[in-house]
Amino acid sequence: MLNRIMWAAMSLPMMTSFAHAQSGIDQAISDAIAPIVNPIVSTVFYSVPVFGTQFPLIVGWLVIAALVFTFYFGFIQFRGFKHSIELVRGDYLDPKDAGEVTPFQALATALSGTVGLGNIAGVGVAVYLGGPGATFWMILAGLLGMASKFTECILGVRYRNEYEDGTVSGGPMYYLSKGLSEDGKAALGKFLAIFFSICCIGGALGGGNMFQANQSFAQISSIIPFFEGKGWLFGLIMAGIVGIVIIGGIKSIARVTEKVVPAMAAIYVGAALIIILMNIGSLPAAFGAIFAGAFAPTAVAGGAIGALIQGFKRAAFSNEAGIGSASIAHSAVQTKHPVTEGYVALLEPFIDTVVICTMTSLVIIITGSWIPDNGVTGIALTAKAFEASFSGFGYILAIAAVLFAFSTMISWSYYGLKAWTYMFGEGQAKEIVFKVIFCIFVVIGSSMSLGPVIDFSDAMIFAMGIANIIGLYMLMPKVKALLADYKEKLASGEIKKIN
Amino acid sequence: MNAPTFLQAGPGGDDGRNQMAEIYIVGVDGTAQSRRAVDYAVERAKKSGASLHLALVLEWSPFSFHTPEELAERHKRREQELQRANDVLQPLADELNKAGVKTTFETRHGHAADLLCKIATDKNATQIIIGRTGDSVIAQRLLGGLAISLVQVAPVPVTIVP
């Protein structure tokens, strides 16, 4: 029965929704989807009570993994940080490889998939539900997550497929199946790869699509009253634009976005910095609130544990460390040694979470925009905080949100597609099917209320981490061997600075 | 330091250290304008006994932004770009060599003005010759403001052929 419902939802969501048109199209879409996503959500987020607060095991799973990789690779995220910068700067780039994908390009592309609404809306949710203390745990999770990214991106490059026509495909599905079959665990590897792929498709449709569409709609409808209650209409427009790019192959739109998005990110961070500087006097108090909230057992919203859960959850959702998605983008890089990409990738959670998420959080706290239980959460909370200093910034934020959402969608449509073709094989017809489904989910995401969307997004994205991290644990000795080899080559001068 | 030469030189390849004859670097992009630059270079070379080094630069930056799909296809695209460049350069070099002017060539990805200067330095060239304007896509990539930037930074005299 569940299978049938799921199939109906996957293939013909519009039809089921239109059947309930009398209760409002948006409501109908929400009603049709909620019974399907709720069981998935409660399974992935199976929680145990810890000090009186429900702690989802999956969050612990990701953080423990990040902690294990941090120790296993000897705090590589701190000791290797300088080397990471040198690699991204191009110090080790061989001029012979000019025209190939550079570490900077791989990092920028992976970042455009992760820097997005998680940094604006996700932080709003974290601070609303977890209080200022969530920021502390978010930063910690970001720092630890750097080691997870390091591990998964090295494996992504090491086990990528390079096809005869010169294109590459990489990511967890490839290292899980190829890496584990080297150790005689082909069946397990295949199982994990398929499990990962299913979740990746779900994550692409959830966090990489519905969540993005939903939050950009929230932002647009707040500045253009015409769209209020017409999520489906906004969704259709957005789906049309996404469709033009991913189905129509009109790269120019994507290309424009890829240029505008970094600029928007710079404006966003710049504005946050200005607000923080304008309120520099309140900064110590803000940090005080962050530390107090992080450890005080009596703090609001479930106390320290509540802050920790929210901080960890939002950090993981924002930087995707341990989830495996970035490894798909990073595996296209031109490198003579897979380890270089690990160093480059570890900057991702740093930029995404430690820098950008922290900025958002500080702006919310410093402007006093966070009021417990008043219902202002997500992107609305972030917008309110920025508006407090720059009236009219809501408009810029709305444009930024839509652009971030768009570029994240384009990235995730690719991640989902790679998982899809891994399972069903390459081929234009098969690819079109996925792309059409992807566009339909843009409409669904815009039409649903935030709760079910954010839960489903979280569930699918985090579920990717289940298979990915099992594989990372089993493959980490191989990464260690690669790292040792790389360090030896650095020491011997075989790999040396060129520029 | 040897300049990386992806598309190997035609007959009579030069390692750039030959101090005996002068070398002129000629910017080529397959357009009529660049052809005029080549013709001019040939004329000068015949008089002075210099050899020519044709350089085709594909505008590229290591710090640009791309979609994941573009990254995955980048290696393939690069091969295609190099092939297209070779299709322009090889016949031209063959023709000039046959006409008695020793000609080598290379294709590079990067910033046109920077690379032409670098190639000139590496080859110990005595001058750089480019066409004034181009109108093809490659031409826009090669010559968009190239003349102006080149004359400002070039280590050797630059001739711009109208």
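If you're wondering where the values come from, they're calculated on a predicted model, not measured in any experiment. Letters A, B, ... are given to chains in the order of the sequence lines, protein chains preceding strands, and every chain is numbered from 1.
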Seminar exercise, completed: Sorted by chain and residue number, the side-chain hydrogen bond (donor to acceptor under 3.5 Å, both in side chains) partners of A:Glu494 (sequence neighbours excluded) come out as none
Exercise. Side chain, backbone, both or neither: which part of A:Leu93 has an atom under 4.5 Å from a heavy atom of chain B?
Worked result: side chain
For this session: Go through the atoms of A:Val333 and report whether side chain, backbone, both or neither lie under 4.5 Å from a heavy atom of chain B.
Result: neither
Exercise. Looking at residues at least two apart in the chain, or sitting in another chain, which of them share a ring pair (Phe, Tyr, Trp, His ring centres under 6.0 Å) with A:Tyr343?
Worked result: A:His83, A:Phe150, A:Tyr486
For this session: For B:Arg44, look at atom CZ and say whether over 12 heavy atoms of other residues, nucleotides or ligands are found less than 6.0 Å away.
Result: no
For this session: Count the heavy-atom pairs under 4.5 Å between each of B:Glu73, B:Glu69, B:His75 and chain A, then report the option with the highest count.
Result: B:His75
Exercise. Which of these passes side chain to side chain donor-acceptor pair (under 3.5 Å) with A:Lys418: A:Ser325, A:Ser169, A:Ser331?
Worked result: A:Ser169
